[in-house]
Amino acid sequence: MIRVLLADDEPMILKGLRKLIDWNALGFDIIGNACDGRELMELMEALKPDVIISDISMPHFTGIDMIRRIHEEGLPIKVIFISAFQEFTYARDAVAYGALDYLVKPIIKQQLESVLYKAASLINEHQEEAIRKGKLQQLEHKIRQGELESWLAQLMEGTLQPGSAPYRHLACELPGPLYSTGVVLAEQLPGDSDKWNDRETKLVEFAVGNILQEVVRRSGSGHGFVRSGRFCYVACHEGPEGALELAQDVQRSIRTYLKLSVTIGTSPAAADFGSLPEACRQAEQALGLKYFDGPNRIYTYRVMDNKPKQDELYRRQLAVVNGFTDDNWEAVAEGLDRLLSYISVSAYGSRSLAVSTAFSSVLLLAQELGKSGLSLPEASLDAHDVQRKLEQCGSFAELRRDITETVERLFRMAGAESGNKDKALLAKVKQYIEEHYPEEITLESAAGITFMNPSYFSFFFKKQTGINFKQYVTGIRMKHAVRLLLHTDLMVYEIAEAVGYNNARHFSDIFRKTYGSLPNDYRQDKKRKA
């Protein structure tokens, strides 16, 4: 309905206007009437009518005063003047200020209806034009926003050329003096069993994007955008504390309005606009800490140079193997817990490193069990399946649980295989030899590990391996001697001592019997062939 305000200092005229035509049938709604110019001004401001039908000459303010104000303020109000006489000066001023028409009393019904039709047509055209302009502005804003987001994504990728027009535009949009970036991950709260469908997911993403944009802009200069399917933002700050404060505000707003778990990775505040691509990578790496420490937190990037030390890693892996050979699940579980805790700490911040180290540990366990002689069913461990499962784990806690279940299953299988008790004893002896070959190893000391007397142990060892105990120890020592010859610059006498021989000549004689040449000749020959 078109809103109409009537004004005349004669009550009978106002009453007559109300009854003259069927206003509602024409699409008009009379929202009020004024009896003098002052009241008209007040109602015009309070009720914001679309059309004013007013006597041109009233106490306090004239109709010309009223239409002049409408003209000066640019108000979209159509004015129809009425008067008891036709005065040229009034009519001229009314037209000059944009009056729609000037009707002389008594008002004829057909004339008023005709003017109202004209007013309705102009108002509808104005509204349609306003709608068209609004849509055009929305489209232009959407295009500009999309273009801006595309530039920001390119800037963060490092593919936006410095000095280009988009680069200069972003530099003006983001004046500093300090900058930070953030990556936002919003998820359902833990324990929420109702999973989102596709429509709900899109609505949530739309809402998160709007809240992010609003919070970032509220903080000052900054923009939210989507990069590689993730919500990101870049913002300017006056002080270094601004980076964390903004991340907290984003997290708090999304939690409050959407009731979602929010994890944010943020870069520290930096002073160089050109460093934003690096800051974005830092925010991504910071978000990766969620894998280790869990969701619903803010992670600020820090430099980490952790990686497993191979000696310590192997020592912990070996503890798990020893638990298998001792047929002791408690030892296996304790060793596995220590191993996984070490992987978590040493690979902290790198999900890929944690997964690859855990996977290689499972493979090494299977290989060492095979070397020790413990039998497992052929299909007991599918390496590709293990790797796939570990890569799909959403957190290190899930990876820990998955590996523990895998190792426990292998332990049960090993215990169910016939003959594994003797194989476990043999594995224990082999492990002892592998760890102590540089020392003096005797038949008696090895027999003590298995709680057998030396004579029976000698029989047992040869039955299980096909060679006698002394030959096996010699083979292990020669294996390590070859490793030291090919991968170190140690002298022959140093290698002899390192593998358990006090006499270098005796070592050389045994080496020649084993490999057909003296140690130095063997080394030179291998170097020539390499």
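- No donor-acceptor contact under 3.5 angstrom links the side chains of T404 and E408, judged on distance only.
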Problem set entry | Check against side-chain contact (heavy atoms from CB on, under 4.5 Å), K290 and E187 | CA-CA 12 Å; K290 169 182 177 283; E187 303 171 302; 3.4 Å; yes
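- Salt-bridge check for E405 with K389: failed, with every basic side-chain N at 4.0 Å or more from each acidic carboxylate O.
- When side chains are defined from C-beta on, P240 counts as touching L178, because their heavy atoms get closer than 4.5 Å.
- Checked against side chain to side chain donor-acceptor pair (under 3.5 Å), S341 has the following partners two or more places apart in sequence or in another chain: R400.
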Problem set entry | Criterion side chain to side chain donor-acceptor pair (under 3.5 Å) on D198 and T201, from CA distance to verdict | CA-CA 5 Å; D198 290 344; T201 299; 5.2 Å; no
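- Proximity of F206 to L203: side-chain heavy atoms (C-beta onward) are nowhere separated by under 4.5 Å.
- To the nearest 0.5 Å, atom OG of residue S346 and atom CE of residue M304 are 12.5 Å apart.
- T406 contributes a side-chain N or O that, together with a main-chain N or O of D402, makes up a donor-acceptor pair within less than 3.5 Å.
- In this structure Y167 satisfies the ring pair (Phe, Tyr, Trp, His ring centres under 6.0 Å) test together with F273, sequence neighbours excluded.
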Cut-off 3.5 Å, no hydrogens considered: what does the side-chain donor-acceptor table look like for residues 10-31, sequence neighbours left out?
| residue | atom | partner | partner atom | Å |
| --- | --- | --- | --- | --- |
| R18 | NH2 | N33 | OD1 | 2.9 |
| D22 | OD1 | A25 | N | 3.3 |
| W23 | NE1 | L17 | O | 3.0 |
| W23 | NE1 | R18 | O | 3.3 |

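- Between L103 atom CG and K105 atom NZ the span is 11.0 Å, to the nearest 0.5 Å.
- Here the CG-NZ distance, from L313 to K307, works out to 13.0 Å after rounding to the nearest 0.5 Å.
- Under the side chain to side chain contact (heavy atoms under 4.5 Å, CB included) criterion, S228 pairs with E157, sequence neighbours left out.
- Remark: the backbone N or O of D36 is not paired with any side-chain donor or acceptor of D9 at under 3.5 angstrom.
- Not one N or O on the side chain of S221 forms a donor-acceptor pair closer than 3.5 Å with the backbone of A235.
- Taking CG from L185 and OG from S261, the interatomic distance works out to 7.5 Å, rounded to the nearest 0.5 Å.
- One finds a salt bridge joining R315 and E312 here, because a Lys/Arg side-chain nitrogen approaches an Asp/Glu carboxylate oxygen to under 4.0 Å.
- Here L258 pairs with A207, V208, I211, I254, L260 under the side chain to side chain contact (heavy atoms under 4.5 Å, CB included) rule; sequence neighbours left out.
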Problem set entry | Stepwise side-chain contact (heavy atoms from CB on, under 4.5 Å) check, I70 with I52 | CA-CA 11 Å; I70 290 174; I52 293 177; 4.2 Å; yes
For this session: Mind running side-chain contact (heavy atoms from CB on, under 4.5 Å) on V4 and L6 for me, showing each step along the way?
Result: CA-CA 7 Å; V4 180; L6 303 179; 3.9 Å; yes
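- Judged by distance alone, with hydrogens and angles left aside, the side-chain atoms of T181 form no donor-acceptor pair with the main-chain N or O of S267 at under 3.5 Å.
- Applying the side chain to side chain donor-acceptor pair (under 3.5 Å) test to S54 and every residue at least two apart in sequence or in another chain returns nothing.
- Without hydrogens or angle criteria, Y179 side chain to L174 main chain gives a donor-acceptor distance under 3.5 Å.
- Under a 3.5 Å cut-off, the side chain of D337 and the backbone N or O of A333 do not form any donor-acceptor pair.
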Side-chain donor-acceptor pairs under 3.5 Å in residues 38-45, sequence neighbours left out?
| residue | atom | partner | partner atom | Å |
| --- | --- | --- | --- | --- |
| R38 | NH1 | H60 | ND1 | 3.3 |
| R38 | NH1 | H60 | NE2 | 3.3 |
| E39 | OE1 | C35 | N | 2.9 |
| E45 | OE1 | R69 | NH2 | 3.3 |

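- The two residues C232 and R227 come nearest to each other via the heavy atoms SG-CB, 3.8 Å.
- Not a single side chain to side chain donor-acceptor pair (under 3.5 Å) links R252 to another residue, sequence neighbours left out.
- The 12-atom threshold is not exceeded at CG of D311, counting heavy atoms of other residues, nucleotides or ligands nearer than 6.0 Å.
- D382 contributes a side-chain N or O that, together with a main-chain N or O of D385, makes up a donor-acceptor pair within less than 3.5 Å.
- A donor-acceptor pair is defined here as one N or O able to donate and one able to accept, closer than 3.5 Å; such a pair exists between the side chain of R255 and the backbone of N296.
- In this structure the side chain of P166 never reaches within 4.5 angstrom of the side chain of Q154, judged on heavy atoms.
- Contact check for W329 versus V407: side-chain heavy atoms found under the 4.5 Å cut-off.
- T62 and D65 share a side-chain donor-acceptor pair at under 3.5 Å.
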Atom pairs and distances, donor-acceptor, side-chain atoms in residues 352-359, under 3.5 Å, two or more places apart:
| residue | atom | partner | partner atom | Å |
| --- | --- | --- | --- | --- |
| S352 | OG | S350 | OG | 3.4 |
| S356 | OG | S352 | O | 3.1 |
| S356 | OG | L353 | O | 3.0 |
| T357 | OG1 | L353 | O | 2.7 |

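- A salt bridge links E278 to R281: at least one charged side-chain nitrogen sits closer than 4.0 Å to a carboxylate oxygen.
- With hydrogens and angles disregarded, no donor-acceptor distance shorter than 3.5 Å links the side chain of T263 to the backbone of P295.
- Put simply, the side chain of K78 does not reach to within 4.5 Å of the side chain of I2, judged on heavy atoms.
- Pairs engaging residues 331-350 under the ring-ring contact (aromatic ring centres under 6.0 Å, His included) rule: F292-Y348 [sequence neighbours left out].
- With sequence neighbours excluded, the residues forming a ring pair (Phe, Tyr, Trp, His ring centres under 6.0 Å) with H169 are W151, listed by chain and number.
- Annotation: R218, atom CZ; neighbour count of heavy atoms from other residues, nucleotides and ligands within 6.0 Å is above 12.
- Residues L116 and I80 form a side-chain contact, since some pair of their non-hydrogen atoms from C-beta on lies under 4.5 Å apart.
- Of all heavy-atom pairs between G335 and V320, the closest is C-CG2, 3.5 Å.
- Nearest heavy atom pair, residue D293 against residue Y299, reads CB-OH, 3.2 Å.
- Not counting sequence neighbours, the partners of S361 by the side chain to side chain donor-acceptor pair (under 3.5 Å) test are Q317.
- Remark: R388 CZ is packed, more than 12 non-hydrogen atoms of other residues, nucleotides or ligands lying under 6.0 Å away.
- From R401, atom CZ reaches atom SG of C393 across 8.0 Å, with rounding to the nearest 0.5 Å.
- Of the inter-residue distances, the one linking R351 atom CZ with L289 atom CG reads 13.0 Å to the nearest 0.5 angstrom.
- Proximity of Q251 to Q248: side-chain heavy atoms (C-beta onward) are nowhere separated by under 4.5 Å.
- When side chains are defined from C-beta on, I264 does not count as touching F231, because their heavy atoms never get closer than 4.5 Å.
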For this session: Assess whether side-chain contact (heavy atoms from CB on, under 4.5 Å) is satisfied between Y233 and V215, documenting all intermediate values.
Result: CA-CA 10 Å; Y233 64 82; V215 174; over 6 Å; no
